[in-house]
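Nothing here was measured: the structure is a model prediction, and the numbers come from that model. Just so you know, these numbers use all the heavy atoms, side chains as well, and skip hydrogens, waters and symmetry mates.
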Amino acid sequence: MSGPPPIVGADVSGSALKIIRLRLKPAAEKAVRSGHPWVYADSVREQSADGMNSDLAVVYDRADRFLAAGIYDPDSPIRVRIVHVGKPRPIDRKFWADRMRAAIGSREPLFDAGTTGYRLINGESDGFPGFVLDRYDGVQVLKLYTAAWFPRLPEMLELVGVATDDRPLVLRLARNLQAVAEAGYGLRDGQILCGGEIAEKIVFRENGLRFHADVVKGQKTGFFLDQRDNRRRVGTLAAGRHVLNCFSFSGGFSLYAARGGAASVSDLDISRHALDAAQANFELNHDISEVAGCGHRLIQGNAFDWLKSTVEARFDLLVLDPPSLAKKKADREGAAKAYRQLSAAGIRRLRKDGILVSASCSAHIGRDEFFDLVVGTARDSGRRFHEIGREGHAPDHPATFPEAAYLKCAYLQFEG
Ligand code: SAH
């Protein structure tokens with residue numbers, strides 16, 4: 001491929017990026033040395049010049065030796081996102097190309113033809129901070145969480161094109177970037193950056209099941225790929241059970257349960273749109289006899305209220321997968337209480353031998369804290385139970401630092 005691909009309607013040619021030198025406070029220096037990729041604004045002790053968006057920030061240690069290099073973002077509390085620690089080296093096209101090849105190549109052995117939706121680049125943990133690239137069958141979705149990539153977009157898109165055979169690519173932007181993207185760079189959330197027209201809903205496969213991904217407008221990049229392995233596990237636990245999937249979104253857990261031989265599945269979500277998507281996903285899989293034969297019910301409602309008020313309802317397998325309940329540190333206490341309430345209400349809805357699958361995607365609630373909280377709630381219920389698993393995210397979502405390991409999923413079975 002010669003030269004960067006055309007970027008429709010965008011102005012990201014950018015001005016030349018400079019290099020600035022930084023020194024950090026001791027705690028931040030230590031964190032960076034041990035591999036943490038975020039440098040907060042209040043950890044910067046001194047810097048050689050005012051940084052512009054996307055400048056290369058070279059970090060020196062107390063002894064004035066090279067420590068790390070990162071990308072500068074003057075408008076984010078995370079002022080520098082580290083991309084390299086150790087010996088000095090150029091952060092050039094080869095650096096990014098090698099890194100991209102390594103990330104994308106590492107996914108190849110993970111999936112067969114039955115799975116065509118997965119993460120190719122998982123942000124910081126693959127060396128591309130705030131840069132997520134997902135594949136949905138023939139389409140790529142790039143989601144950016146920092147404006148620092150905007151000036152580098154032509155180069156990055158060229159590298160993505162080389163690594164993925166120039167498949168069409170949709171740009172998705174974190175909500176807080178959307179205004180600056182449009183005003184400063186002519187970039188819009190949901191814009192098709194390369195490859196012309198694409199369908200709004202892409203059909204892809206996950207472990208042999210078909211799903212729609214709303215890559216242009218849907219949450220995250222269109223689907224919750226991180227829960228793939230938990231969905232599969234739920235499929236293996238579902239035979240003969242009546243299943244309630246709370247916070248169902250587009251019915252992912254339910255479809256696995258139905259294929260796994262569930263007696264019935266109910267999707268409960270507050271959003272009509274999510275339930276319509278769940279219905280459409282069931283229809284997509286009607287050629288699978290277990291799916292076609294499984295009673296599928298849609299319940300629109302607030303899961304917290306529904307679980308509290310429907311005192312008669314009983315299930316044999318109940319999935320709780322709420323959206324993040326702690327968006328910031330200050331929400332932690334409220335979130336812990338909400339997880340406890342949800343788990344307690346879920347346990348009350350379970351029949352004898354029933355299984356509770358309780359997940360948390362809140363980065364501010366730690367792994368041990370969450371599992372302790374779910375197990376503690378199970379103990380408080382007075383019912384006899386045993387743990388059957390503690391899981392996290394699927395392997396295409398590697399996590400190299402604590403904040404990246406946000407997904408936790410507890411499996412408990414209640415014998416009494
Ligand atoms: N389990 C899903 C992902 C869940 S995303 C999967 O595997 O794909 C979280 C879902 O919770 C969203 O669909 C959102 O609409 C829904 N939601 C948010 N608040 C809710 C509430 N109070 N009650 C019920 N659903 C809610």
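Counted within 6.0 Å of CD on E46, heavy atoms from surrounding residues, nucleotides or ligands total more than 12; the atom is thus considered enclosed. Environment of CG in D50: sparse, with no more than 12 heavy atoms of neighbouring residues, nucleotides or ligands closer than 6.0 Å. The neighbour count for R272 CZ, taken as heavy atoms of other residues, nucleotides or ligands under 6.0 Å away, is above 12. More than 12 heavy atoms of other residues, nucleotides or ligands lie within 6.0 Å of NZ in K220, so this atom counts as buried by the packing criterion. Counting heavy-atom neighbours within 6.0 Å of H286 NE2, excluding the residue itself, gives a total above 12.
You'll find the side chain of L173 reaches within 4.5 Å of the side chain of F150, heavy atoms only. Counting heavy atoms from C-beta on, the side chains of V357 and L317 come closer than 4.5 Å. A 4.5 Å side-chain heavy-atom check between L142 and V132 finds every atom pair outside the cut-off. Taking 4.5 Å as the limit, every side-chain heavy atom of L318 sits out of range of all side-chain heavy atoms of V243. L144 is listed as a side-chain neighbour of L153, based on a closest heavy-atom distance under 4.5 Å. No side-chain heavy atom of S250 sits under 4.5 Å from any side-chain heavy atom of H212. For the pair V39/V44, a side-chain contact is recorded, criterion being any heavy-atom separation below 4.5 Å from C-beta on. Between L169 and L133, the closest side-chain pair of non-hydrogen atoms falls below 4.5 Å.
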Could you walk me through whether S324 and Y406 satisfy the side chain to side chain donor-acceptor pair (under 3.5 Å) test, starting with their C-alpha distance in whole Å, then the side-chain angles of each, then the deciding distance to 0.1 Å, before giving a yes or no? CA-CA 10 Å; S324 175; Y406 58 89; over 6 Å; no

Taking it one step at a time, do D73 and R81 satisfy salt bridge (charged side-chain N to carboxylate O under 4.0 Å, His left out)? CA-CA 8 Å; D73 182 345; R81 288 174 170 82; 3.5 Å; yes

Taking it one step at a time, do Y339 and S358 satisfy side chain to side chain donor-acceptor pair (under 3.5 Å)? CA-CA 9 Å; Y339 283 122; S358 185; over 6 Å; no

I'd like to know whether R93 forms a salt bridge (charged side-chain N to carboxylate O under 4.0 Å, His left out) with E158, so could you lay out the CA-CA distance, the side-chain angles of the two residues, the decisive distance to 0.1 Å, and finally the verdict. CA-CA 10 Å; R93 185 186 157 80; E158 187 188 349; 3.3 Å; yes

Walk me through whether Y118 and R135 qualify under side chain to side chain donor-acceptor pair (under 3.5 Å). CA-CA 5 Å; Y118 47 87; R135 173 189 173 201; 2.7 Å; yes

Determine, step by step, whether L193 and L157 satisfy the side-chain contact (heavy atoms from CB on, under 4.5 Å) criterion, reporting the C-alpha distance in whole Å, the side-chain angles of both residues, the deciding distance to 0.1 Å, and the verdict. CA-CA 9 Å; L193 285 184; L157 290 180; 3.8 Å; yes

Run the side-chain contact (heavy atoms from CB on, under 4.5 Å) test on L209 and I288 for me, step by step, so that the C-alpha distance in whole Å, both residues' side-chain angles and the decisive distance to 0.1 Å come before the verdict. CA-CA 9 Å; L209 287 166; I288 302 172; 3.7 Å; yes

Would R65 and D61 satisfy salt bridge (charged side-chain N to carboxylate O under 4.0 Å, His left out), going step by step from the backbone distance to the final call? CA-CA 5 Å; R65 282 175 313 223; D61 69 8; 3.1 Å; yes

Please determine whether salt bridge (charged side-chain N to carboxylate O under 4.0 Å, His left out) holds for the pair K337 and E333, giving the CA-CA distance in whole Å, both sets of side-chain angles, and the decisive distance to 0.1 Å. CA-CA 6 Å; K337 198 169 147 209; E333 216 168 290; over 6 Å; no

Given F223 and F211, is the ring-ring contact (aromatic ring centres under 6.0 Å, His included) satisfied, shown in steps? CA-CA 9 Å; F223 199 74; F211 289 100; 5.0 Å; yes

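Side-chain rings of F315 and H242 stay apart, their centers remaining 6.0 Å or farther from each other.
Below 30°, between 30° and 60°, or above 60°: for Y136 and F204 the angle between ring planes is above 60°, a perpendicular geometry. Note: F128 and W96 have tilted aromatic rings, judged against thresholds of 30 and 60 degrees for the angle between ring planes.
R45 and L24 make their closest contact through NE-O, 3.3 Å (heavy atoms, listed as atom of the first residue, atom of the second, distance). Smallest separation of non-hydrogen atoms from G240 and D316: O-OD2, 4.4 Å. Minimum interatomic distance between I347 and L356 (heavy atoms only, all atoms of both residues): CG1-CD2, 3.9 Å. Of all non-hydrogen atoms in D331 and A326, the two that sit nearest each other are CB-CA, 3.6 Å. In this structure, A147 and P151 approach most closely via the heavy-atom pair O-CD, 3.6 Å. A pairwise comparison of heavy atoms in L307 and G346 identifies CD1-N, 4.4 Å as the closest pair.
Taking a cutoff of 4.0 Å between a charged side-chain nitrogen and a carboxylate oxygen, E29 and K25 do not qualify as a salt bridge. A salt bridge between D229 and R233 is absent, with no side-chain N of the basic residue lying under 4.0 Å from a carboxylate O of the acidic one. A salt bridge links D126 with R107; the closest basic N to acidic carboxylate O contact falls under 4.0 Å.
In this structure, OH in Y72 is found 9.0 Å from NZ in K18, a value given to the nearest 0.5 Å. Within the model, atoms CZ of R259 and CD of E290 stand 9.0 Å from one another, a figure rounded to the nearest 0.5 Å. We find the CG-CG distance between L225 and L120 to be 10.0 Å, quoted to the nearest 0.5 Å. Atom CZ of R332 is separated from atom NE2 of H364 by 9.0 Å, given to the nearest 0.5 angstrom. Distance CD1/I121 to CG/D396: 12.5 Å, rounded to 0.5 Å. Distance check: L244 CG to R314 CZ gives 12.0 Å after rounding to the nearest 0.5 Å.
A donor-acceptor distance shorter than 3.5 angstrom exists from the side chain of R99 to the backbone of G127, with no hydrogens or angles considered. For the pair R23 (side chain) and Y60 (backbone), a donor-acceptor distance under 3.5 Å is absent. At least one donor-acceptor pair under 3.5 Å links the side chain of N285 to the backbone N or O of N281. At distances below 3.5 Å, at least one donor-acceptor pair connects side-chain atoms of T377 with backbone N or O atoms of L373. Panel note: side chain Q191, backbone V170; no donor-acceptor pair is recorded below 3.5 Å. Using a distance-only test at 3.5 Å, with no hydrogens or angles considered, no donor-acceptor pair links the side chain of K408 to the main chain of D368.
Remark: the E283 side chain and the Q279 side chain contain an N/O donor-acceptor pair separated by less than 3.5 Å. With 3.5 Å as the limit, one finds no donor-acceptor pair spanning the side chains of E403 and W38. A side-chain N or O of S54 and one of R152 form a donor-acceptor pair less than 3.5 Å apart. Y256 and E206 share a side-chain donor-acceptor pair at under 3.5 Å. In this structure, a donor-acceptor pair under 3.5 Å is present between the side chains of R119 and N122.
Across D321, L268, D267, a single residue satisfies side-chain contact (heavy atoms from CB on, under 4.5 Å) together with C246, and that is L268.
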